[in-house]
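Data block below; observations after.
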Amino acid sequence: MEEKDLILKEIENEAKNELKGKINETAVGYIKVLNKKIEEKAKEKGIDFEIKEKEGKQID
Amino acid sequence: MLEKENTEENVKVNEELNTKKEVQNSEVVKTEESQKEVNIDCLINENDNEMKLKFLQYFPDKETRERIINSLEHKIAPELYRLVNLAQKMIREFIKEVYKDIAVEKQESINIVFNTTNIKYANFKKAYNIDIDYKKRNLLISEKRKFQQNKVLGYIIHGYAHLFSNIKYTKNNNSIIEEGNADIFTDLVINTYIEKHPHENLGFHIEMPYSIESAYIDENSIERTRLYALSKLKIDKKMLLEYFLGDKEKFIKAVEGENATETDINNFNLKEFYNKNKFAFEDIDEKSIYYLKNYILPLYKLQNLVADIDILKEGNNPTEVVEKYFKGEKIDKMDPEKLEQIIRLIKQININNDKIFLPLNQFLFEEFNKLTDMEKKMSCEVIIENTLIMLKYKEVSIYCEKLITEIIQYLINDLERGIKLNKNNKILQRIEELDDTFGMENEDAEENIKDLLSYLRAKIEIASNGHITAEIFFKRLQSTVKNSLNIERNEELAGYQTIREELKGITK
């Protein structure tokens, strides 16, 4: 796995831990809140990372 | 009936159909303008939903359109069949309740969505619960949620809401309105059904009032506030369905005014909306479905109570708000019922948006520090009742421990001196309302306060009854056993019986 991927994986785990107790994984829209958090944390660490909405698709 | 200008298209229909199959004893529709024959049966027998939907526009008569729409095909995974049927039934009933006579176009949209959407479980690598593909007309539900049927039902209805909204998908809709409204739609559909069928066994439990578990906090707050305003004009449900099944512009104009632009709908302004719709927010009903998952309505309710200051912004100091409400009175004079109302509203706001108010847990400490020793002794009953309210809502900082124990001791001293209390029942009731923890982040401090409160309670009961009755003792024992011991119910009951018999033996 590339270094960037490893860092992003770490960021994802951090983000999930921060959401624990606030929003459950079973909540509609959890993935969007998680993705937004990952983007913010990646930005803080100077990593260029953006999750784009796919045309014609809706995830919740 | 085909229109003249579409004669070319009509030729296309026939060509497409005839290249695929031979026509055999089929029904024929003769048009008034054209001598061309259209093979409806062939179209209906095609396994191509997109083609059927494409040519639906050329058949204006209701019966033919119904035949085509009913011939649309979709696949529902067997393990989801029952829930999907239930979801569709719930949606149809809700819509029938809102529209006594639904417009044909809207009814067709519902049937098209139901008859074209494929639904199954999927194993997602990411933390998705629902995945919708508007072009492929797929609604996928996370397999991980398979055994949480109440959640899956919510996902299906939420998914259908998006599919209705995007039946003519061109681009992704504004997320705030789309997600907020999809959640509201789900809540209304399920609650309406269960209210009408309260004894129906769904095969799983639904906690009432039902509200879909959602991460869309801002979306729900904004859209529920908009729909609450519309509910005062009794057009909330109709407009919600107009958004999903009709003209989205109508919905936008209804919530934000005739001249509303896309900017208005995208940028909800707390103060502007409140001022524009004051009539709707005069007496906010906390039992309304629009009050759930909403930090804006409690904020508006609080604004009504503290009209002198503007709290429709971020960073409010809760102590200042409470002071303003009580017009500068200190905690020894604050009416506990009114204090509880303010604190409850602030908590409801904080749960969903922690930027509107600064932390509340400094309030009690600041209030205690304003009191003189004489004021504490003279009004310890009121101060204790208000302290118990803050403990109930878990908004007491660790720095209050000494101040709280001091106040409780004043009251115990009064009781021991035989001074009659005015609020003994109220204080007992408030102690009963407390949870096991007070959110003070220090176990020792909490244990200390709990011990003192327990002693205070015993003193109040003795003062009221002359002694602690067996009934009070057993009630206390049961509460302690239930909260702190992991014990089988049979063992628990056997324990009580043994204690009763031992006590009888002692009194003899």
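Residue numbers begin at 1 in each chain, while the letters A, B, ... track the order of the sequences. Please read all numbers here as calculations on a predicted model, not as lab measurements.
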Measure distances from B:D183 to the heavy atoms of chain A and classify the residue's part below 4.5 Å as side chain, backbone, both or neither.
->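 Contact with chain A is through the side chain of B:D183 alone.
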So which part of B:E219 gets closer than 4.5 Å to some heavy atom of chain A, the side chain, the backbone, both or neither?
->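 The answer is neither part of B:E219.
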So do B:L53 and B:R137 actually touch side chain to side chain, heavy atoms under 4.5 Å?
->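 Touching, per the 4.5 Å side-chain cut-off.
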Does NZ or CZ of B:K394 fall inside the cone over B:F438's six-membered ring, less than 6.0 Å from its centre and within 45° of the axis?
->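 Checked: cation-pi criterion not met.
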I'd like to verify something: which residue of [options] has the highest number of heavy-atom pairs under 4.5 Å with chain A?
options: B:H158, B:K136, B:Q148; value: B:H158
options: B:K126, B:K135, B:E179; value: B:E179
options: B:L139, B:I132, B:I212; value: B:I132

With a 3.5 Å cut-off and no angle check, do the side chains of [X] and [Y] form a donor-acceptor pair?
X: B:D218; Y: B:Y295; result: yes
X: A:K32; Y: B:Y216; result: yes
X: B:Y291; Y: B:Q348; result: yes

Give me the one residue out of A:K9, A:K37, A:K45 that meets salt bridge (Lys or Arg N to Asp or Glu O under 4.0 Å) with A:E14.
->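 It is A:K45, the one option of A:K9, A:K37, A:K45 that forms the salt bridge (Lys or Arg N to Asp or Glu O under 4.0 Å) with A:E14.
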Report the option among A:Q58, A:E55, A:K57 that has the most heavy-atom pairs separated by less than 4.5 Å from atoms of chain B.
->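 Of the options given, most contacts go to A:Q58.
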Check ion pair A:E40-A:K43 (N to O, under 4.0 angstrom) =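 Salt bridge: no.
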Salt bridge between B:E178 and B:K248, side-chain N to carboxylate O under 4.0 Å?
->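 Here B:E178 does not pair with B:K248 in a salt bridge, since their nearest N and O are not under 4.0 Å apart.
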Contacts with chain B made by residues 20-29 of chain A (heavy-atom distance under 4.5 Å), listed by residue number |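 Residues A:I23, A:N24, A:E25, A:T26, A:A27, A:V28, A:G29 are the ones that qualify, each having a heavy atom under 4.5 Å from chain B.
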Less than 6.0 Å separating the ring centroids of B:F244 and B:F251?
->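 Ring-ring flag for B:F244/B:F251: false, centres at least 6.0 Å apart.
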